[in-house]
Structure formats: C-alpha cells, structure tokens
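Counting starts at 1 for both ligands and their atoms, following the listed order. Computed from a predicted model, the values in this text were never measured in an experiment.
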Amino acid sequence: MRELAMKLYGVIGEALDIGGKEMKESIGEAGQAIRINYYPPCPQPENVLGLKSHTDASALTILLQGNEVEGLQLKKDGTWLPVHPLPNAFMVFIGDVLEVVTNGIYKSIEHRAVVNSMKERFSIATFSGAEWNGNIGPAPSLVTPETPALFKTIGIADFYKGYLSPEHQGKSFINNVLRINSENIKY
Ligand SMILES: O=C(O)CCC(=O)C(=O)O
Ligand SMILES: [Fe+2]
C-alpha cells in the first residue's frame, strides 16, 4: 500500500509539472495507518450514520470496500452521492494534507458512511500521511507570484492536533486556520 501511495505521489507530481521528486519531498517519508470499519445492520438506518461526514487528514487514502454492500457516500456540489462497490477495486481519496501540499489544486473530498437495515458492511482504509516530524505546506514550486501560497506551513504534529480538535468539523481546520485570507473563501 505504501508503495502504491508513493507511485501515486509521483504521478500527481508529474501531472502538476513539479515532478514526482518534489511531490514526495513535500510529503516526506510518508507514514501509514490502517482502519478497519465494521457497520452492523441497523433497524433504523435513517436515524444513524456509520461514519459522520469528514475529510481524511491523510495525503491519500486507499480504501477497499470489503463486501459488496453500498454505504460509502461522497459529497459533490452539495449533494451526497453513493459509491457503488466494485469487486477487487481500491478507491483513492485526496486527504487534507494533499490539498495543502498541492496549494489547493487537488481538493480533499468530504465523505461519510451510511448503514443498512439488513446487511452488515465493512471497509479497510489505509491512510498515507506526512512524515511525523516534518512540516506541511504548499510545495515550493507551486507557490509563485501568480499563485501565492493559499495555506500556511506548520509542523505535522500541530496539523493533526488541529484536525482532531473538537471545535473543528469537516474541512474547517484547513479552511479557517491554515488558509491564508480565509475570509475570502465561500463554503
Ligand atoms: O467505510 C467507508 O467506506 C469509509 C471509511 C472512511 O471514510 C474512513 O475510515 O475514514
Ligand atoms: Fe474517511
């Protein structure tokens, strides 16, 4: 999974014309975490969420929908869209770290999981994140006089502290704290 994430950073760096090397250096020696989510059947699925709306703090999340039960939803233009599970396919999400590193060119995706009244569901998410001791900020080549830095550069430990603090919901940490001139942003 780590190798796959590193390959994807390389390809994203090429796509942004900054090269894979700078993209990988901006993320640093990527750390890995894994979460296995289990959603038991729920008799009143309309009253609960399996996982509330969030963006991942990772740079990239590689997700396997473990059985072929629908539950994952993505927010697009303000509407929740279901993601039909495909057998043997990984989903790749952009996380908040990659939004910051790409200076807002790649946007982290808001997603959630709903539950099913009859069927259990499980998913396996691997999170590829930034180096624990490093800093996180826009990749240097993506900051130019025409495209000034949209985000501050901060230590990754402070990044996770902010992401996890209870007063922040969804993308409010990167949008309200890390974003420079956040008053100009329309949500
Ligand atoms: O269960 C899913 O499909 C989503 C899991 C997820 O978003 C997460 O673990 O961060
Ligand atoms: Fe997630």
What are the two closest heavy atoms between Tyr160 and Gly129, and how far apart are they?
->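 Closest heavy-atom pair between Tyr160 and Gly129: OH-CA, 4.0 Å.
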Value rounded to 0.5 Å, distance of CG in Asn135 from OG in Ser26 |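 Nearest 0.5 Å value for the CG-OG distance: 11.0 Å.
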First locate atom NE2 of His111, then atom CH2 of Trp80, and finally report the distance between them rounded to the nearest 0.5 Å.
->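 Rounded to the nearest 0.5 Å, the NE2-CH2 separation comes to 8.5 Å.
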Could you tell me if any non-hydrogen atom of [X] lies under 4.0 Å from any atom of ligand 1?
X      : value
Arg112 : no
Phe93  : no
Arg121 : yes

Residues Glu68, Lys119: salt bridge by 4.0 Å N-O rule |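 Result for this pair is no, no salt bridge flagged.
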Carboxylate-amine/guanidinium proximity below 4.0 Å for Lys21 and Glu25 |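 Answer for the salt bridge query: yes.
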What residue and heavy atom of the protein are closest to [atom], and at what distance?
atom                   : answer
atom 6 (C) of ligand 1 : Leu51 CD2, 3.3 Å
atom 2 (C) of ligand 1 : Ser123 OG, 3.3 Å
atom 5 (C) of ligand 1 : Asn37 ND2, 3.3 Å

Quick check: are there more than 12 heavy atoms from other residues, nucleotides or ligands sitting under 6.0 Å from CD of Glu3?
->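 For Glu3, atom CD is not crowded (no more than 12 foreign heavy atoms under 6.0 Å).
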What part of His111 sits under 4.0 Å from ligand 1 if we count only heavy atoms: the side chain, the backbone, both or neither?
->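 The part of His111 near ligand 1 is the side chain, not the backbone.
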Give the contacting part of Phe127 toward ligand 1: side chain, backbone, both or neither, where contact means a heavy-atom distance below 4.0 Å.
->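 The part of Phe127 near ligand 1 is the side chain, not the backbone.
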Do Gln32 and Thr126 come within less than 4.5 Å of each other through their side chains, counting heavy atoms only?
->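 Yes, their side chains come closer than 4.5 Å.
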What atoms of ligand 1 come closer than 4.0 angstrom to any heavy atom of Leu63?
->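 Near Leu63, the atoms of ligand 1 are 3 (O), 5 (C).
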Would you mind listing which atoms of ligand 1 come within a distance below 4.0 Å of any non-hydrogen atom of Tyr39?
->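 Near Tyr39, meaning under 4.0 Å from one of its heavy atoms, ligand 1 has 1 (O), 2 (C), 4 (C), 5 (C).
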Can you check whether Gln65 has an N/O within less than 3.5 Å of an N/O in ligand 1?
->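 In fact, backbone or side chain, Gln65 has no N or O that close.
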